[in-house]
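The structure appears below as structure tokens.
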Amino acid sequence: MSIVEEISKRRTFGIISHPDAGKTTLTEKLLLFGGAIKTAGAVKSNKITQHAKSDFMEIEKQRGISVATSVMGFEYKGRKINLLDTPGHQDFAEDTYRTLTAVDSVVLVIDCVKGVEIQTEKLMEVCRMRNTPVIVFINKLDREGQDPYDLLDEVEEKLNIRVKPLSWPISMGKTFKGVYNIYQNYLLLFQPSKRSLQDDVIDIRDIKDPLVDKTIGENYARQLREDVELIEGVYPEFDVNEYLSGEVAPVFFGSAVNNFGVRELLDAFIEIAPPPRERATEERVIKPDEDAFSGFIFKIHANMDPKHRNRIAFLRVCSGKFERNAPYLHVRQDKNVKFSNTTAFMAQDKEIIDEAFPGDIVGLYDTGNLKIGDTLSQGEKGMYKGIPSFSPEIFREVINKDAMKTKQLEKGLVQLMEEGVAQLFTYEMGARKVIGTVGALQFEVIQHRLKHEYGATCDFVGLSLYKACWISSKNKKKLDEFVKSKYRHIAQDKDGKLVFMAETRAWLQMVQDNFPDIEFHFTSEF
Ligand code: G4P
């Protein structure tokens, strides 16, 4: 098969949702329909269960599970589908944000009872940064949920994207009858079943067909006709290009736990979701079908065995063909590297692979050379862009508790930050080290791992900081002046970029007003 054919076969995507909306269930059902697993229950939820929330040993175990199910590959109707899993727990949101840089599209799951929730909004903001195409799956239609029109309005308002329903529910909850597929004109009848993968499909060319009345009853048929007429009047016709450019999200309705609407979603997905596309490095835009291999690291996972410091780096192939044992340029370090231990992820089995194509994810065993954001290439120098850090929300200063282990502490901190566990900011003044995270859980993880893997002990002192803002200015002199005048509040991130540590929102606003030449950014890439 030629490289162009390999690329056009591939669909690499992620499922995102607020916890409990049904991401794990939908993942499992997609794998069932795709034939990658045979029975339900095979995919372990990687979410940290309620009782384990403060138990970091449990979290460590969960990390083990999540690496096994991090990337799931399967074939469906001639396509090679790579599904990238994202952590379910909010405290690991930064990990999810980075995984989203490695996908070409996203399926967003919304619970029809709860509607758009806070985590959904945050995740969508990240999708919007790269105009990632999004398909919305409104789940749990077997429950009494919100009115579908209200749900769609909420998606448009809160997620700042236009929607186009491609299917429409016929009632909901106890009286849920099924959905009408507006895109391809068929009725999909609901039969609650956690086991059957058979769909009850009735083809109808025309919504006026009396078969509709016969099948779902006159009242529901009348309501459906009114709804479809209204939808066609309100929402413009579906334009796949608007979906591909991230402007419009097609919407499907279903019930993942009942296998309902899942095949419909998968069939639409393989038809409209994009194959791997071009991506920008600092120097130019690289097309996937270029001969030379290139790719970037978006995730690093520490080995579970603390005695060995091996790590698995997740490489997204962007162009050309990746080959095991071939020498590639590690762009940041400007040196050649070779990987003999390379893993593909097919469902839960890890297997050694010899080659991979754009869209594929390869696990590379690494002893500490790679960090998140690194580019590998066949000689070309530009680094891939688009793996930003986001301003953390919780900040704590690191206090070394054992002066004899200072070196171990520093090494441990650097390595954990390279894995993306949290972000480290070093103040210009006094070289104070501050760790920033999205959730409180990471501090326990960090403390635990520093002790067990590096033999270092530390304490954390809470700091009341509002945001870390990366700063820049077109006027170098003004930037220098700013840094001088706010010296006590300036730190450097792991790459040495300047960061302004804002204490409160109001104060940040005041500083912004007083220094109009300085730009303040909430992400490290701007
Ligand atoms: P998540 O990964 O997004 O966090 O959600 P997950 O799939 O774990 O689903 C959360 C809960 O919602 C689960 O119930 C799951 O069974 C249920 N669920 C998923 N899809 C549907 C659906 O279509 N209809 C209904 N009614 N429920 C659905 P749980 O009680 O937390 O777990 P379990 O004991 O059922 O596994």
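Each ligand, and each atom within it, is numbered from 1 in the order the structure gives. Note that this is a predicted model, so its numbers are computed, not measured.
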Which atoms of ligand 1 are found less than 4.0 Å from any heavy atom of [X]?
| X | result |
| --- | --- |
| P19 | 4 (O) |
| S17 | 3 (O) |
| A256 | 23 (O) |
| S255 | 22 (C), 23 (O), 24 (N) |
| K23 | 1 (P), 2 (O), 3 (O), 5 (O), 7 (O) |
| D20 | 1 (P), 3 (O), 4 (O), 5 (O), 10 (C), 12 (O) |

Compute the centroid of each ring, for F269 and then for F13, and state whether the two points are separated by less than 6.0 Å.
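Between F269 and F13, the centre distance is under 6.0 Å.
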Please say whether N258 places an N or O atom under 3.5 Å from an N or O atom belonging to ligand 1.
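N/O-N/O distance below 3.5 Å does not exist for this pair.
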Is L141 close to ligand 1, meaning an N/O of one under 3.5 Å from an N/O of the other?
no
Quick one: does any side-chain atom of [X] pair with a main-chain N or O of [Y] as donor and acceptor, under 3.5 Å?
| X | Y | answer |
| --- | --- | --- |
| E156 | V163 | yes |
| T120 | V116 | no |
| T375 | Y384 | yes |
| D374 | K371 | yes |

For residues N185 and Y180, is any side-chain donor paired with an opposing acceptor at under 3.5 Å?
yes
Could you pull out, from T25, I15, V109, the option with a heavy atom nearest to atom 6 (P) of ligand 1?
T25
If you measure from atom 16 (O) of ligand 1 to every heavy atom of I138, V257, V113, which option wins on shortest distance?
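The residue whose heavy atom sits nearest atom 16 (O) of ligand 1 is V257.
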Nearest atoms (heavy-atom pairs only) where R11 meets R79:
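Nearest pair, atom of R11 first, then R79: NH2-NE, 3.2 Å.
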At a non-hydrogen distance cut-off of under 4.0 Å, which region of D142 contacts ligand 1 (side chain, backbone, both, or neither)?
side chain
In a check of ring-ring contact (aromatic ring centres under 6.0 Å, His included) between F253 and each of F190, W168, F176, F260, which one passes?
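Exactly one option meets the ring-ring contact (aromatic ring centres under 6.0 Å, His included) with F253, and it is W168.
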